[in-house]
Amino acid sequence: MRLLSFAAALLLTTACAHQQVSVTTPTSPPPSGQVSATDAAPTSANTVDPVYARIPESDTTARPQWLKARIAAVLAERKRNPITRIFRYQYEGKTVYYQSAPCCDQFSQVFDTKGKLICNPDGGITGKGDGKCPDFEKNKTNEKLVWQDPR
């Protein structure tokens with residue numbers, strides 16, 4: 001019985017003992033001059049910007065004045081995460097401009113060529129926008145990237 005008590009006490013003390021973990025981060029390049037994936041230093045750069053599977057074709061046509069003003073307004077604010085992107089599409093036989101949502105549960109916006117807000121196709125609490133163009137994602141065509149925040 002005494003041996004059993006001793007074994008139980010030993011087991012409890014070793015199981016509950018504090019374990020020390022040492023983490024080191026390299027601050028200088030390795031002597032060989034080669035860096036591998038195992039010794040790369042961490043970065044403070046933003047790593048949550050989405051990376052699109054395909055890169056849309058850039059739109060090189062002139063931007064309407066109202067769109068230039070929207071771009072200037074975005075650039076006057078601090079950088080958004082995710083960054084703002086503006087695309088041009090054909091939707092219901094018309095040219096429209098889609099501005100991505102600044103964050104979270106906020107609405108993205110679709111404008112006509114005069115700058116009038118047509119709808120909010122996605123975002124909001126439900127993620128389905130304002131319901132005024134529920135088929136936008138399915139029926140938009142001819143995607144062209146007009147602008148994205150370069151910061």
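All residue numbers refer to positions in the sequence shown, counting from 1. All values derive from a computational prediction rather than experimental measurement.
Every pair passing ring-ring contact (aromatic ring centres under 6.0 Å, His included) that includes a residue from residues 113-151 is listed here, sequence neighbours excluded: Y89-F136, Y91-F136, Y98-F136. Among residue pairs with one or both ends in residues 115-151, those qualifying as disulfide (SG to SG under 2.5 Å) are C119-C133; sequence neighbours excluded. Contacts classified as salt bridge (Lys or Arg N to Asp or Glu O under 4.0 Å) and involving residues 68-77 (residues at least two apart or in different chains) are given here: E77-R80. Pairs passing the ring-ring contact (aromatic ring centres under 6.0 Å, His included) check and including a residue from residues 100-135, sequence neighbours excluded, read W66-F111.
Looking at residues two or more places apart in sequence or on another chain, you find a side-chain hydrogen bond (donor to acceptor under 3.5 Å, both in side chains) between E137 and K140. Legend: residues meeting side-chain hydrogen bond (donor to acceptor under 3.5 Å, both in side chains) with D112, ordered by chain and number and at least two apart, are absent.
I118 and V96 get closest at one heavy-atom pair: CD1-CG1, 3.7 Å. A pairwise comparison of heavy atoms in I83 and R151 identifies CG2-O, 4.4 Å as the closest pair.
Judged purely by atom type and a 3.5 angstrom limit, N120 has no side-chain atom pairing as donor or acceptor with the backbone of D130. A donor-acceptor pair under 3.5 Å links the side-chain atoms of S100 to the main chain of R85, judged by distance alone.
Between F87 atom CZ and Q148 atom CD the span is 7.5 Å, to the nearest 0.5 Å.
A donor atom on one side chain and an acceptor atom on the other are found under 3.5 Å apart for D122 and S108. A donor atom on one side chain and an acceptor atom on the other are found under 3.5 Å apart for Q90 and T95.
Proximity of I71 to R63: side-chain heavy atoms (C-beta onward) are separated by under 4.5 Å at one or more points. The shortest distance between side-chain heavy atoms of E92 and N139 does not fall below 4.5 Å.
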Going through the checks in order, is the side chain to side chain contact (heavy atoms under 4.5 Å, CB included) test met by V110 and L117? CA-CA 6 Å; V110 173; L117 180 65; 5.7 Å; no
Residue pair K79, T84: steps toward the side chain to side chain contact (heavy atoms under 4.5 Å, CB included) verdict: CA-CA 8 Å; K79 180 183 173 189; T84 300; over 6 Å; no
